[in-house]
Protein chains: 2
Amino acid sequence: MEKTRAVTARNSPDAARDIPEATVARLPVYLRALTTLSDQGTTTCSSEELAVAAGVNSAKLRKDLSYLGSYGTRGVGYDVEYLRYQIAREIGVTQDWPVVIVGIGNLGQALANYSGFRSRGFRVVALLDADPARRAEAVAGLEVRPFADLEQIVHDHGVAIGVIATPAVAAQDVADRMVACGITSILNFAPIVLSVPDLVDVRKVDLSIELQILAYHEQRKMQGAVTEEVTA
Amino acid sequence: MEKTRAVTARNSPDAARDIPEATVARLPVYLRALTTLSDQGTTTCSSEELAVAAGVNSAKLRKDLSYLGSYGTRGVGYDVEYLRYQIAREIGVTQDWPVVIVGIGNLGQALANYSGFRSRGFRVVALLDADPARRAEAVAGLEVRPFADLEQIVHDHGVAIGVIATPAVAAQDVADRMVACGITSILNFAPIVLSVPDLVDVRKVDLSIELQILAYHEQRKMQGAVTEEVTA
DNA sequence: TCCGTTTTGTTCTCCCGTTCACAAACTCCT
DNA sequence: AGGAGTTTGTGAACGGGAGAACAAAACGGA
């Protein structure tokens, strides 16, 4: 394993180079910016233009792209379509990823209806909820099925990614069941720290945490204003 | 300003010490963990216990807390209630923050109904949408008002934080209007990079980016499996 | 009172990520 | 063909955060 990676790391186009995590997190942003440029009819762009569109420093952008390979032309820039495909392939969104959503409350429904998933290579194959009342009507054209169906669905569709949009109290149970079914990537919206095996990836989105971070800075802005008044 | 900060930085309890951004992002997690512990009836906890509950390293937790002050007791640990209050005060969620949500589609409705905002010091004071059809019925007990009312609402309630849940094409316009009204912190759910003045804070939540990051790692897991089979 | 135990607060070191700066490489124009 | 201009890719310096490790401090028991 180690040896294989060492040999293929530099040159092979499909080698699994180890891309820094910070870079991985920005690749989707670049992809989005390139798609926008492409829609506008732009065929070529410089690192500076793309950096502006992605809201980052151009040197950082170039270094990020250099981890994927040399896809630009010096003195010219990058071919928008070509680069877009290369990034999409590196991320893995040239293929379709089946996804299940568990917890069809307000947030779960919003996620089920979100068109941005489908357009970026993700297909919601099932909606699950433990509450029978929630299963009365279809959401986003899909019936809401009992949570017990999870294993069957994961098996049938080869699901590797699960989304948790349940209340906090239910989230750990759901995660455990997901892991038991073979899901290895979880996007967690519940405000709780999930514990999962090392080989399972978890990313969390906590809406109120984001607001709290903003509040902290907002408070400092106000304190600063007061301090200035006092010292003035 | 510089001088004032230098003088008050170390000792004054309400001084605006500069807390590292990485620490700020974790404080809300600690706050959540402490609330959970408190609800369970725990009155005292060690850094190790709290670290486990927050999903971080205990050394990192202690260092984070040390930026706020010395709120623990050596040999004993931390008083849950006391620490909880100190963190809440540092973040600024002991006071109430009025918030406006613009874009009352699926996601906007979910946000409007999210109880986690209210319970953590945020109060949704208005829902705005440019589409008259959306204003037909109330959402989360609030009427949906025209976007033109933004300035009046911001002025009346002293709103400093705005949430954008519109489609991408509308987001920059909304942000510009928010900034013009005096909003200085924006939580952006639209998949686009907003450009705002330096003194305005923007945090973004992009649902599909999170999935793409998971997809990248998922793809690598699979590649790794294949490589192992080949080399075996 | 004194010693062992526990746990915090902090120092030190290492590593990752960011940014600068520049050589290499490509285009275009003469 | 050659030189001027442009832009990429990357080496190197820099800064910040993570984690180990330890000294300082508090508690409890004898």
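We name chains A, B, ... by the order of the sequence lines, and we start the count at 1 in each one.
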Is any NZ, NE, NH1 or NH2 atom of the basic residue among Asp206(B) and Arg32(A) found under 4.0 Å from an Asp or Glu carboxylate oxygen of the other? yes
Check Asp18(B) with Arg220(A), please: is the shortest side-chain N to carboxylate O separation under 4.0 Å? no
With heavy atoms under 4.0 Å as the rule, sort Glu21(B) into base, sugar-phosphate or nothing. sugar-phosphate
To the nearest Å, give me how far apart [atom1] ([X]) and [atom2] ([N]) are.
{"X": "Leu61(A)", "N": "dT10(D)", "atom1": "CG", "atom2": "P", "answer": "14 Å"}
{"X": "Tyr67(B)", "N": "dT8(C)", "atom1": "OH", "atom2": "P", "answer": "17 Å"}
{"X": "Glu48(B)", "N": "dT8(C)", "atom1": "CD", "atom2": "P", "answer": "9 Å"}
{"X": "Leu68(A)", "N": "dG9(D)", "atom1": "CG", "atom2": "P", "answer": "10 Å"}
{"X": "Asp79(A)", "N": "dT27(C)", "atom1": "CG", "atom2": "P", "answer": "13 Å"}
{"X": "Lys60(B)", "N": "dG19(D)", "atom1": "NZ", "atom2": "C1'", "answer": "9 Å"}
{"X": "Arg74(B)", "N": "dG28(D)", "atom1": "CZ", "atom2": "P", "answer": "17 Å"}
{"X": "Leu65(B)", "N": "dT8(C)", "atom1": "CG", "atom2": "P", "answer": "9 Å"}

Toward the 5' end of DNA chain C, which comes first, Ala22(A) or Thr73(A), by nearest nucleotide?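 Final value for this comparison: Ala22(A).
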By nearest atom, which of the nucleotides dG19(D), dC22(D), dT10(D) is closest to the Arg62(B) side chain?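 When the side chain of Arg62(B) is considered, dC22(D) is the closest of dG19(D), dC22(D), dT10(D).
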Considering only side-chain heavy atoms of Val76(B), which listed nucleotide, dA23(D), dA21(D), dC27(D), is closest? dC27(D)
Quick one: is [X] getting a side-chain N or O under 4.0 Å of the [N] phosphate, OP1 or OP2?
{"X": "Arg26(B)", "N": "dA18(D)", "value": "yes"}
{"X": "Asn57(B)", "N": "dG17(D)", "value": "no"}
{"X": "Ser47(B)", "N": "dT8(C)", "value": "yes"}

Does Ser46(B) reach the main-chain N or O of Glu49(B) with its side chain, forming a donor-acceptor pair under 3.5 Å? yes
Assert yes or no for the condition that the ring centre distance of Tyr71(B) to Tyr78(B) is strictly below 6.0 Å.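 Not close enough - the centres of the two rings lie 6.0 Å or further apart.
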Would you check if the distance from the ring center of Tyr114(A) to the ring center of Phe117(A) is below 6.0 Å?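 Here the rings of Phe117(A) and Tyr114(A) have centres that are less than 6.0 Å from each other.
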Between Lys63(A) and Tyr78(A), name the one whose nearest nucleotide on DNA chain D is closer to the 5' end.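 Looking at the nearest nucleotide for each, Tyr78(A) comes out on the 5' side.
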